[in-house]
Amino acid sequence: MLTISSKIHDSILNSTSHSKLHHDDKIYAVPEKDWVLKLLSWYDVNKRDLPWRRSKNPYAIWVSEVMLQQTRVETVIPYFERFMSLFPDLQTLATAPEEPVLKAWEGLGYYSRVRNLQEAARQVMERFDGQVPPDPKAFRSLKGVGAYICGAVLSIVFQIREPAVDGNVCRVFARFFGWDDPVGSTMLLKKAWQASMEQLAWLPDERVPDWTQGLMELGALVCIPRSARCGECPLADGCTARAQGKVEILPVRKPRKENQEIYRKALLLTDESGRVLLTQRPDKGLLANMWELPSFEQGFYDLEHVKYEPERSEQFRHVFSHLTWVVDVMPARIDGEKINPLEGSGRVAEESCQYGSDSGQRSWCDKEALSRLPMNNLTLKILKKYGVL
DNA sequence: AATGCGTGGCC
DNA sequence: TGGCCAAGCAT
């Protein structure tokens, strides 16, 4: 049975406590809470100095949590710094045009995250007078704010007892308690949420943010997906997976669906002044509202004043989370009039030619436009490869 | 419940 | 090097 003195107990619970240990303090056992205290004191010593941890500004924490969805800390840091300097507060983000907002997210992926965030910022201005509501139900109602973001922001900023269960927390609990429910299942989520809530119920207010962040920090630094560092883990003693040799098989993961390949052809059309023709994608679905080369799945353009350069043609492969594009890029030059060669008159070689998923919005882009329009990484890679960027 | 939604790093 | 994986949310 583990025992701990009441004063040590208090000083771990309250990181700002300066109370001293007296010789007549009673010793009592708190075995069910011991692992919680160990995690908190581990976090006190091992927490990383991350940009968003220097702030208790709800907007800053919110931005960081949105960026961190399915995205690594090291990737997020420079984006976070830049985004906060461009859009330092909710009102700035709410009133900004979408284009520079998407541009600030360029390369991060999952672009609907930032479109939802901007929509949510506008909702906060309208519905909550510009203040992030310190209430789970109200905050959760905003666009792009799910159970995790809601718990993370409100517990970290306002010390509200709302669990934040992410992939890290699911992994830590699945191993510690030996749960074999698959990742992403309702059951595992529910169990983890409840386990976190049980601790939040008795922790003092000032430890609520540390509990939320400590659980995730342990999952990020020690209880990592592969090759877990159990030797450094403050919870190794009571860990079920450790005791049963199941650390490598927990949490159970469901097999992924196969990634389908989509073939496309893309037109890299440049004019005499070095401008390139881009199109904007529709405002829903994959890469919504981003700009890219005009592309299609079959056929090819046979256009007047256009000279193809098949010897410069190259193939690019781009892997998304759920599909893979295989793209043949066809470089070409146009001279003479600066019309949009893809508009009107249907001068397309094959009737079956489809304009992929472009929305019809097309534009000749000079250096200024290229630096302003948001593009995905494949488009950026192609433009760089051909020296347009 | 299952699927759509990006990207880069890791082994 | 290709498959796996990372601080989720919407539908």
Side-chain angles (χ1 to χ4, degrees), chain A residues 47-48 50-53 61-80 102 105-117 119-120 139-153 155-156 163-172 181-190 192-193 196 209 212-221 223-228 248 251 253-262 281-290 292 317-325 357 374-381:
Chain A
K47 64 183 174 191
R48 290 169 290 180
L50 302 174
W52 44 92
R53 289 201 175 139
I61 302 298
W62 186 2
V63 169
S64 77
E65 294 298 348
V66 174
M67 285 189 174
L68 286 164
Q69 288 178 34
Q70 310 287 285
T71 310
R72 305 180 119 75
V73 166
E74 316 83 71
T75 304
V76 164
I77 290 174
Y79 280 93
F80 175 79
L102 261 183
W105 211 265
E106 183 182 82
L108 258 188
Y110 289 140
Y111 299 98
S112 66
R113 288 183 295 175
V114 77
R115 301 209 309 139
N116 288 340
L117 178 61
E119 173 60 22
F139 188 47
R140 177 77 171 77
S141 73
L142 299 170
K143 194 81 173 174
V145 177
Y148 166 76
I149 297 246
C150 178
V153 172
S155 68
I156 292 171
V165 177
D166 71 336
N168 285 313
V169 176
C170 284
R171 183 170 59 255
V172 168
D181 310 275
V183 168
S185 68
T186 305
M187 185 55 68
L188 181 58
L189 217 56
K190 192 173 164 186
W193 195 94
S196 179
T212 291
Q213 297 177 91
L215 270 176
M216 292 191 287
E217 195 78 335
L218 188 75
L221 298 181
C223 195
I224 52 184
R226 288 170 298 191
S227 307
E248 291 299 322
R253 203 165 274 283
K254 281 184 280 190
R256 289 203 173 189
K257 233 188 79 177
E258 191 175 337
N259 209 346
Q260 189 182 355
E261 281 190 351
I262 306 287
R281 295 178 60 86
D283 71 353
K284 290 182 190 304
L286 182 65
L287 304 173
N289 282 357
M290 308 280 284
E292 66 180 2
R317 171 175 292 261
H318 190 75
V319 180
F320 294 92
S321 51
H322 59 303
L323 56 86
T324 297
W325 280 353
S357 50
M375 293 168 272
N376 88 315
N377 272 9
L378 174 62
T379 303
L380 293 169
K381 183 164 71 175

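Hydrogens, waters and symmetry mates are skipped; everything else that's a heavy atom, side chains included, is used. Below, chains carry the letters A, B, ... as their sequence lines are ordered, and counting in each starts from 1.
- At whole-Å resolution of the value, CE in A:M67 and P in C:dC9 are 16 Å apart.
- Taking side-chain N and O atoms only, A:T71 has no distance below 4.0 Å to OP1 or OP2 of B:dG6.
- Between the CD atom of A:E65 and the C1' atom of C:dA6 there is a distance of 13 Å, given to the nearest Å.
- Ring-plane geometry between A:H318 and A:W325 is classed as tilted, the angle between the planes lying from 30 to 60 degrees on a 0 to 90 degree scale.
- Mapping A:H318 and A:T186 onto DNA chain B by nearest heavy atom places A:T186 at the nucleotide closer to the 5' end.
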Pairs: protein N or O with nucleotides 1-4 of chain C N or O, under 3.5 Å:
none

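- Not counting sequence neighbours, the partners of A:L189 by the side-chain contact (heavy atoms from CB on, under 4.5 Å) test are A:V165, A:C170.
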Just the atom pairs and distances: protein N or O near nucleotides 3-5 of chain B's N or O, under 3.5 Å.
residue: B:dC5; atom: OP1; partner: A:L286; partner atom: N; Å: 3.1
residue: B:dC5; atom: OP2; partner: A:H322; partner atom: NE2; Å: 2.5

Under the 3.5 Å Watson-Crick or G-U criterion, the dot-bracket string of DNA chain C, with | for inter-strand pairs
.|||||.||||

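- Residues from residues 374-381 of chain A that place a heavy atom under 4.0 Å from any atom of DNA chain B, listed by number: A:N376, A:N377.
- Look at CZ on A:R317: it is 17 Å from C1' on B:dG6, rounded to the nearest Å.
- At whole-Å resolution of the value, CG in A:D166 and C1' in C:dC9 are 14 Å apart.
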Ignoring hydrogens and angles, write down the donor-acceptor pairs under 3.5 Å from the side chains of residues 63-70 of chain A, residues two or more places apart or on other chains.
residue: A:S64; atom: OG; partner: A:I61; partner atom: O; Å: 2.7
residue: A:E65; atom: OE1; partner: A:Y148; partner atom: OH; Å: 2.5

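- At whole-Å resolution of the value, CG in A:N116 and P in B:dG6 are 11 Å apart.
- Rounded to an integer number of Å, the gap from CD of A:E248 to P of B:dC11 is 13 Å.
- Side chain of A:R72, nearest nucleotide from B:dA2, C:dC5, B:dG6: C:dC5.
- When the nearest nucleotides of DNA chain C are assigned to A:A147 and A:P225 by heavy-atom distance, the more 5′-ward of the two goes with A:P225.
- Between the CD1 atom of A:I224 and the P atom of C:dC5 there is a distance of 13 Å, rounded to whole Å.
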